[in-house]
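Note sheet for the following structure.
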Amino acid sequence: MTCVFCEIIKKEAKAEIVYEDEKILGFKNIHPEAPVHLLFVPKKHIQWNDEFNEKDLELLSKLISAAKKVAAEIKINDAYKMIFNVGKTGHILHIHLHLLGGWENDAPLHNI
Ligand SMILES: [Zn+2]
């Protein structure tokens, strides 16, 4: 099965990359739902399923840490949201963390 995030990681699909280290890639969402909408993915294809194990939790903390770092760098760290979509949400299955922010006034109160 083709995974667009794996293609981006392998640089086979284009993305505007905002963060990269050995294990994590961060890039702009092509369908932004906020003034700033970034996605952070582990370079290893993992999904929220039974194969997901304790070891992968370390990757999740790295995702959060990368998003936090970028939020500070681009100065949206006064108000931002981090979201994981799990299961049949219509999202790409490769685990990814949404970082949303950059609102001019207060952050929207709804949960997405
Ligand atoms: Zn993937």
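Order of appearance sets the numbers: ligands from 1, and atoms from 1 within every ligand. Because only heavy atoms are used, hydrogens play no part in the values below, and waters and symmetry mates are left out as well, while side chains stay in. The structure presented is a predicted model; accordingly, all values stated were derived computationally and were not measured.
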Identify, by name, the N, O or S atom of His45 lying closest to the Zn ion (ligand 1). ND1
Quick one: the SG of Cys6, the Zn ion (ligand 1), SG of Cys3 angle, rounded to 10°, please. 120°
Dump the intermediate steps for ring-ring contact (aromatic ring centres under 6.0 Å, His included) on Phe84 and Phe40, then the final yes or no. CA-CA 10 Å; Phe84 285 111; Phe40 293 84; over 10 Å; no
Pair Lys43 + Glu22, salt bridge at N-O below 4.0 Å: no
Looking at His94, the N/O/S atom that lies nearest to the Zn ion (ligand 1) is called ND1
Under 30°, 30 to 60°, or over 60°: which ring-plane class applies to His45 and His94, parallel, tilted or perpendicular? perpendicular
Suppose we screen for salt bridge (Lys or Arg N to Asp or Glu O under 4.0 Å). Which residues come up paired with Asp21, at least two apart in sequence or across chains? none
